[in-house]
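Below, all heavy atoms of this structure are taken into account, side chains as well, without hydrogens, waters or symmetry copies. First listed ligand is number 1; within each ligand, the first listed atom is number 1.
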Amino acid sequence: MKLAVCIVHNRDRNKLTDEMVKAGFKFTVIGSTGGFLREGNSTMLIGVDDSQTEELKSLVQANCESREQIVNVMPFEAAPPGAFIPSPVKVPVGGAVIFFLDVDEYVRF
Ligand code: 2BA
């Protein structure tokens with residue numbers, strides 16, 4: 001068994017969770033924050049059988065879009081007076097990031 005830790009954009013969360021429920025996956029959604037953009041995203045903990053990992057990857061890929069987001073390299077307020085302020089840059093975000101971890105034991109009471 002694996003524990004998939006899947007980080008998705010908040011805009012893809014509802015569409016993806018609907019499809020995961022339909023497909024019979026069991027999972028927990030946690031509100032999280034990206035360390036780089038410091039914006040809200042969603043982290044899903046999904047316990048899956050080894051045989052379901054490819055199905056999960058396809059489902060996530062089909063429901064999570066890649067987007068470009070604009071980032072200010074230095075916050076305007078943080079720049080010293082007269083400093084050169086670099087233009088905002090675009091970074092790609094997602095579709096999604098998934099880590100698969102081996103599970104030693106899974107118990108439900
Ligand atoms: P954030 O950390 O807010 O990162 C958003 C996007 O910014 C990333 O998209 C990536 O394209 C870019 N980025 C992140 N760190 C960067 C850096 N040091 N320099 C330049 N660009 C950088 P994704 O790679 O699609 O990641 C989306 C979100 O997934 C991340 O949000 C973070 O919450 C999570 N994530 C991605 N890789 C991770 C990792 N290795 N470990 C833990 N969380 C990760």
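- In plain terms, the two heavy atoms of Thr43 and Ile7 that are nearest each other are OG1-CG1, 3.9 Å.
- Looking at Ile98, Val97, Asp12, Ile46 one by one, the single match for side chain to side chain contact (heavy atoms under 4.5 Å, CB included) with Val60 turns out to be Ile98.
- Here the protein heavy atom with the shortest distance to atom 34 (C) of ligand 1 is Ile7 CD1, 3.6 Å.
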- Message: I'd like to know whether Val5 forms a side chain to side chain contact (heavy atoms under 4.5 Å, CB included) with Phe100, so could you lay out the CA-CA distance, the side-chain angles of the two residues, the decisive distance to 0.1 Å, and finally the verdict.
- Response: CA-CA 6 Å; Val5 178; Phe100 285 99; over 6 Å; no

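- Applying the 4.0 Å criterion to heavy atoms of Gly34 picks out, from ligand 1, the atoms 1 (P), 2 (O), 3 (O), 31 (O), 33 (O).
- In this structure the side chain of Lys26 never reaches within 4.5 angstrom of the side chain of Val48, judged on heavy atoms.
- Interface atoms of ligand 1 facing Phe99, defined by a heavy-atom separation under 4.0 Å, are 39 (C), 40 (N), 41 (N), 42 (C).
- Taking the side chain as every heavy atom from C-beta outward, Leu16 and Cys64 approach each other to under 4.5 Å.
- Set against the non-hydrogen atoms of Pro92, the atoms of ligand 1 under 4.0 Å away are 6 (C), 8 (C), 9 (O), 10 (C), 11 (O).
- The protein atom (non-hydrogen) at minimum distance from atom 27 (C) of ligand 1 is Val93 CG1, 4.2 Å.
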- Query: Between Arg67 and Lys90, is a side chain to side chain contact (heavy atoms under 4.5 Å, CB included) present by the stated rule, with each step listed?
  - Reply: CA-CA 10 Å; Arg67 300 178 169 84; Lys90 280 185 190 172; over 6 Å; no

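- Short contacts between ligand 1 and Val97, defined as distances under 4.0 Å to a heavy atom of the residue, involve ligand atoms 26 (O), 29 (O), 36 (C).
- The atoms of ligand 1 that sit less than 4.0 Å from any heavy atom of Asn41 are 28 (C), 31 (O), 33 (O).
- At a threshold of 4.5 Å between non-hydrogen side-chain atoms, the residues Met44 and Thr28 do not count as touching.
- If you check which protein heavy atom lies closest to atom 7 (O) of ligand 1, you get Phe36 CD2, 3.2 Å.
- Scanning the protein for heavy atoms near atom 23 (P) of ligand 1, the closest one is Gly94 N, 3.9 Å.
- Less than 4.0 angstrom separates some heavy atom of Leu37 from each of these atoms of ligand 1: 1 (P), 3 (O), 5 (C).
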